[in-house]
Amino acid sequence: MTTSFNERMGVMKNLLDQNTDSMNKTATAVGNLQTFLQKQQGDSGAHVDQLSGQIQTLNDSLDELKARLAKVSKQLEDMQSTQQSLAVQQSQQTQAAQQAAAAPPPDVLYNNALRDYNANNNDLATQEFGDYIKYYPNTDLSGNSYFYLAEIAYKQGNYQVAVKNYDLVIQSFPDGNKTAAAELKKGFAQIELGQKDDGIAALRHVIARFPRSNEAVQARERLRKQGVAATGPARR
């Protein structure tokens with residue numbers, strides 16, 4: 001495909017050179033005739049009219065060549081743009097293939113991340129969970145990885161980042177096994193951020209959606225400590 005494209009590019013460049021050469025020759029001929037006409041101004045009017053007609057014909061040819069040259073130049077630019085786009089796509093495909101080849105097996109990568117998380121090696125766990133999401137973004141364990149990234153941020157007091165990652169679990173993996181825990185901890189984090197109304201709404205939603213879960217028990221207890229009822233207005 002690349003060879004064929006390069007051949008076409010060569011043909012177009014050759015055609016462009018030919019048209020440029022023809023245009024230059026025509027322009028030279030027009031210039032010569034104009035010079036000759038100036039020298040022959042003393043001749044008969046008929047002779048001058050004949051030369052003027054020849055110059056007009058050459059000018060018309062020159063205009064036609066210019067139009068053809070502009071068309072060929074535009075085609076050449078379009079082909080070069082296409083070639084650049086193809087090169088970018090090929091480079092991206094190559095990088096993706098290299099990344100896929102370099103990626104550890106998903107179970108190994110996730111288990112290593114979980115092991116380091118449980119050992120409180122938070123920096124290493126953060127990198128490993130991030131790698132899992134990068135290499136395997138559409139798996140259920142990717143949702144778990146977002147959850148544990150949120151948990152690390154929560155433990156470090158970085159509640160805004162925690163809320164962001166809990167939301168990714170809730171929105172992108174609504175049926176995952178970490179959804180209830182993500183919404184519970186999101187509510188906790190919002191309360192820590194001073195967003196009490198949003199936090200209470202999140203905890204009430206946990207109770208409404210997962211009424212028999214351990215997360216619902218924790219949500220009720222946190223709401224009791226906040227001095228509010230476990231039920232209230234519908235979540236906005």
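Computed from heavy atoms alone, side chains included, the values below leave out hydrogens, waters and symmetry copies. Throughout, numbering of the chain's residues begins at 1 and tracks the sequence.
Taking the side-chain hydrogen bond (donor to acceptor under 3.5 Å, both in side chains) definition, one finds that Glu192 meets it with Arg222, sequence neighbours left out. With sequence neighbours left out, Ala162 forms a side chain to side chain contact (heavy atoms under 4.5 Å, CB included) with Ala153, Tyr154, Tyr166. Not counting sequence neighbours, Lys225 has no partner by the side-chain hydrogen bond (donor to acceptor under 3.5 Å, both in side chains) test. Judged as a ring-ring contact (aromatic ring centres under 6.0 Å, His included), and not counting sequence neighbours, the contacts of Tyr132 are Tyr110, Tyr136. Looking at residues two or more places apart in sequence or on another chain, you find a side chain to side chain contact (heavy atoms under 4.5 Å, CB included) between Gln156 and Asn122, Ile152. Taking the side-chain hydrogen bond (donor to acceptor under 3.5 Å, both in side chains) definition, one finds that Tyr148 meets it with Lys178, sequence neighbours left out.
Two residues are said to be in side-chain contact when any heavy atoms from C-beta on lie closer than 4.5 Å; Leu203 and Phe188 meet this criterion. Taking 4.5 Å as the limit, every side-chain heavy atom of Lys164 sits out of range of all side-chain heavy atoms of Val161.
What you find for Pro211 and Ala216 is that their closest heavy atoms are O-CB, 3.6 Å. Between Ala113 and Ala125, the shortest heavy-atom contact is O-CB, 3.8 Å. Annotation for Tyr159 and Ala189: closest pair CB-O, 4.0 Å, computed over non-hydrogen atoms. Shown here for Gly143 and Val169, the closest heavy-atom pair between the two residues is O-CG2, 3.4 Å.
There is no path of hydrophobic side-chain contacts, each under 4.5 Å, that joins Leu109 to Leu124. By the criterion of side-chain heavy atoms lying less than 4.5 angstrom apart, applied directly or through intervening Ile, Leu, Val, Met, Phe, Trp or Tyr residues, Ile200 is not grouped with Val217; the two fall into different hydrophobic clusters. Using a 4.5 Å cut-off between side-chain heavy atoms of Ile, Leu, Val, Met, Phe, Trp and Tyr, with links allowed through other members, Ile170 and Tyr146 fall into different hydrophobic clusters.
Within 6.0 Å of CG on Asp63 lie more than 12 heavy atoms contributed by other residues, nucleotides or ligands. The 12-atom threshold is not exceeded at CG of Asp123, counting heavy atoms of other residues, nucleotides or ligands nearer than 6.0 Å.
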key: Pair Ile207-Leu223, side chain to side chain contact (heavy atoms under 4.5 Å, CB included): steps then yes or no   = CA-CA 11 Å; Ile207 296 169; Leu223 288 172; 3.7 Å; yes

message = Run Leu149 and Ile133 through side chain to side chain contact (heavy atoms under 4.5 Å, CB included) and show every step you take.
response = CA-CA 11 Å; Leu149 288 174; Ile133 292 167; 3.7 Å; yes

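In this structure, Glu221 pairs ionically with Arg224, as a charged nitrogen and a carboxylate oxygen lie closer than 4.0 Å.
Checked by atom type and distance alone, the side chain of Arg204 pairs as donor or acceptor with a backbone atom of Ala229 at under 3.5 Å.
Taken to the nearest 0.5 Å, the OH atom of Tyr117 stands 7.5 Å off from the CZ atom of Phe129.
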